[in-house]
Enquirer: 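My structure is below; once you've seen it, I'll send some questions.
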Amino acid sequence: MGYELKKVKIIFCFLFVILVFDVPCYSQDTLKYKPVTPNKAYFISYLQDTRDLIISPFHWNGSQWIGAASVTAVSGVVLLTEDKNIKYFAQNYTSPLANGISKYGLEPWGSGVYSISAMALLYMGGLAWKNEKAEETALLATKSFILCGGGVEVAKYIFHRERPYMTDNPKIFLGPSFSNSGAVSFPSGHTTVAFGVATVIASEYKDKPAIPIIAYTIAGLVGLSRIYDNKHWASDVFFSAPLGWAVGKLVAKGKNWHGRKRVGF
């Protein structure tokens, strides 16, 4: 069983890149090819996107405010009524096989082991096949991962919510502190970055329907695995998924380097 579970790591990483992205299908005229490199403008774009993320609520329209309010409201309802029940339900259905799938097949997508490795392979594939789209997608997805991760870390130390394995009370928020107490449940970093990366991939390859479906399916399973592993409350995951989507969408639409201009949130 242990050997079989460890093989999941290789299967998830390489099949996702080789079979899903299928870089050769997007080869282009090499005479027009110009490599997309992580140059100075690319790294400056991290600051620009961070600024735009901070000020974006001031530019939201009515539907965007309704969407944000709805996510917050539903997360609050889950927190108040269902977090504890969902925790108990998930813990009642654990098994060695499911534990292995979560550990080797899903958790590494949120931690960056698989996702960053996959983006590195995609970028190298783009270079090998002279494909700008693959290169740009890899760099954008990496940026989304880093921005999501950085923002989540700040939020964790602002809210300091106790994790479900620490308490049965989902309403314990200790408030702002630099203490490394382990009470960093909200929001879910794995879920946020998984959806941030998935959104960039889905946006860049929306012309190939299978890719958005697979990307969002993996992201969703990552979120569920955090509940299953008793690392996060359901409300953490529910709030973090659209948070990651929003960051990924802004990054994907930005493309404010490599001669591209932002086209809106």
Enquirer: Could you tell me whether Lys103 atom NZ has more than 12 heavy atoms of other residues or ligands within 6.0 Å of it?
Expert: no
Enquirer: For residues Trp245 and Phe195, establish whether the separation of their ring centroids is below 6.0 Å.
Expert: no
Enquirer: Parallel, tilted or perpendicular for Phe239 and Phe186, by the 30°/60° rule?
Expert: tilted
Enquirer: I'd like to know if the side chain of Trp60 and the backbone of Ile66 have a donor-acceptor N/O pair within less than 3.5 Å.
Expert: no
Enquirer: For a quick check under 3.5 Å, do Asn61 and Ser63 share a side-chain donor-acceptor pair by atom type?
Expert: yes
Enquirer: Quick one: pull up CG in Leu80 and NZ in Lys171 and give me the separation to the nearest 0.5 Å.
Expert: 5.5 Å
Enquirer: Which distance, rounded to the nearest 0.5 Å, do you find between the CD of Glu153 and the SG of Cys148?
Expert: 12.0 Å
Enquirer: Examine distances only and state if a side-chain atom of Tyr114 and a backbone atom of Tyr104 form a donor-acceptor pair shorter than 3.5 Å.
Expert: yes
Enquirer: With sequence neighbours left out, what residues match Lys231 under salt bridge (Lys or Arg N to Asp or Glu O under 4.0 Å)?
Expert: none
Enquirer: Suppose clustering is done on Ile, Leu, Val, Met, Phe, Trp and Tyr with side-chain heavy atoms closer than 4.5 Å. Which residues sit in the same group as Tyr157?
Expert: Val184
Enquirer: Answer yes or no: is there a donor N or O on one side and an acceptor on the other, between the side chain of Lys156 and the main chain of Pro187, under 3.5 Å?
Expert: yes
Enquirer: Measure up the Phe43 and Tyr46 rings against each other and bin them: parallel (under 30°), tilted (30 to 60°), perpendicular (over 60°).
Expert: parallel
Enquirer: Is a side-chain donor or acceptor of Thr199 paired with a backbone partner of Gly248 at a separation under 3.5 angstrom?
Expert: no
Enquirer: Short question: side chain of Ser144, backbone of Ala141 - any donor-acceptor pair under 3.5 Å?
Expert: no
